[in-house]
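Values below: every heavy atom of this structure, side chains too, minus hydrogens, waters and symmetry copies.
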Amino acid sequence: MSDPIRLLDIRAEALSSDEVLAAVSDPTAGGTALFIGTVRNHDQSKPVDRLSYEAHPDALKQLRLVAERICADPAVTALAAVHRIGDLQIGDAAVVVAVAAAHRDVAFAACRQLIDELKAEVPIWKHQHFADGASEWVGAH
């Protein structure tokens, strides 16, 4: 049996949803759920110009722990997650995650769990730069 964790990475290069979907492709899967988190142009009614992400050196290790927990469900066929670091512009993909499973309900639930736990537990911090020149750090664990 192959490892259901097919792709985990934290990288400075642009992210590809095609790469993530290809990683979770599996003939035993009846459903695949994909989530793409993008940089939006506002936060709480304040205009955002750009943002940057930084990751703790152990972030990939933490991401693997999250993935392993989700893949403990034998109905999860394949999982992939990539998060971007560095400077991002409005519209850029900041995170792409996907889960394939035998049935869609498992794929949807596991994909939601993956992005929620990644955001809550993996030490990746967002530095937002606002149009008025102010900035703030978000998600510092």
Checklist entry - Shortest non-hydrogen contact from Ala107 to Gly31? => result CB-O, 3.7 Å
Item to check | Results of side chain to side chain contact (heavy atoms under 4.5 Å, CB included) for Ala72 - residues two or more places apart only | outcome: none
Checklist entry - Which residue pairs satisfy the side chain to side chain donor-acceptor pair (under 3.5 Å) criterion with at least one member in residues 65-93, sequence neighbours excluded? => result Arg69-Glu117, Arg69-Glu121
Item to check | For Asp49, salt bridge (charged side-chain N to carboxylate O under 4.0 Å, His left out) partners two or more places apart | outcome: none
Next on the checklist: Looking at every non-hydrogen atom in both residues, tell me the closest pair between Leu114 and Val99 and how far apart they are.
Outcome noted: CD2-CG2, 4.0 Å
Item to check | ILVMFWY cluster, Phe108 and Ile70 together (side-chain gap under 4.5 Å) | outcome: no
Checklist entry - Hydrophobic cluster mates of Val20, side-chain heavy atoms under 4.5 angstrom, ILVMFWY only, any path? => result Leu7, Leu15, Leu21, Leu34, Ile36, Val82, Val96
Checklist entry - Considering residues at least two apart in sequence or located in another chain, which fulfil the salt bridge (charged side-chain N to carboxylate O under 4.0 Å, His left out) criterion with Glu19? => result Arg11
Next on the checklist: Holding to side chain to side chain contact (heavy atoms under 4.5 Å, CB included), I want the full list of residues that pass it with Ala55, two or more places apart in sequence or in another chain.
Outcome noted: Ile10, Ala59, Ile85, Ile124
Checklist entry - Taking all atoms of both residues into account, what is the closest heavy-atom pair of Arg6 and Ser25, and its distance? => result NH1-O, 3.6 Å
Checklist outcome for this item: Heavy atoms of Ala81 and Leu118 approach each other most closely as CB-CD1, 4.4 Å
Checklist outcome for this item: Nearest heavy-atom approach of Ala80 to Ala23 is CB-CB, 4.1 Å
Next on the checklist: Pairing donors with acceptors under 3.5 angstrom, does anything connect the side chains of Asp26 and Thr28?
Outcome noted: yes
Next on the checklist: Between Pro4 and Leu79, is there a side-chain heavy-atom distance shorter than 4.5 Å?
Outcome noted: no
Item to check | Asp105: side chain to side chain contact (heavy atoms under 4.5 Å, CB included) partners, not counting sequence neighbours | outcome: His103
Next on the checklist: Walk me through whether Gln128 and Val138 qualify under side-chain contact (heavy atoms from CB on, under 4.5 Å).
Outcome noted: CA-CA 7 Å; Gln128 296 189 119; Val138 180; 3.6 Å; yes
Next on the checklist: Restricting to non-hydrogen atoms, name the atom on Arg64 and the atom on Ile5 that form the minimum distance, rounded to 0.1 Å.
Outcome noted: NH1-CD1, 3.6 Å
Item to check | Members besides Leu65 in its Ile/Leu/Val/Met/Phe/Trp/Tyr cluster (side-chain heavy atoms under 4.5 Å) | outcome: none
Checklist entry - For Lys61, which residues count as a salt bridge (charged side-chain N to carboxylate O under 4.0 Å, His left out) partner, sequence neighbours excluded? => result Asp58
Checklist entry - Arg50: what forms a salt bridge (charged side-chain N to carboxylate O under 4.0 Å, His left out) with it, not counting sequence neighbours? => result none
Item to check | Charged tip of Lys46 within 45° of Phe130 ring normal and under 6.0 Å | outcome: yes
Next on the checklist: Phe35: which residues meet the ring pair (Phe, Tyr, Trp, His ring centres under 6.0 Å) condition with it, sequence neighbours left out?
Outcome noted: none
Item to check | Atom pair CH2/CG of Trp137 and Leu51 - distance to nearest 0.5 Å | outcome: 10.5 Å
Checklist entry - Is there side-chain contact between His127 and Ser52, with heavy atoms separated by less than 4.5 Å? => result yes
Item to check | Test side chain to side chain contact (heavy atoms under 4.5 Å, CB included) applied to Ala109 - qualifying residues, sequence neighbours left out | outcome: none
Item to check | salt bridge (Lys or Arg N to Asp or Glu O under 4.0 Å) between Asp43 and Arg40, worked out | outcome: CA-CA 8 Å; Asp43 188 29; Arg40 65 182 177 265; 3.0 Å; yes
Checklist entry - Do Val95 and Val24 sit in the same hydrophobic cluster, where Ile, Leu, Val, Met, Phe, Trp and Tyr count as joined when their side-chain heavy atoms come under 4.5 Å apart? => result no
Checklist entry - To the nearest 0.5 Å, how far apart are OG1 in Thr38 and CG in Leu88? => result 10.5 Å
Next on the checklist: Would you say that Val122 contacts Leu63 through its side chain, given a criterion of any heavy-atom pair below 4.5 Å between the two side chains?
Outcome noted: yes
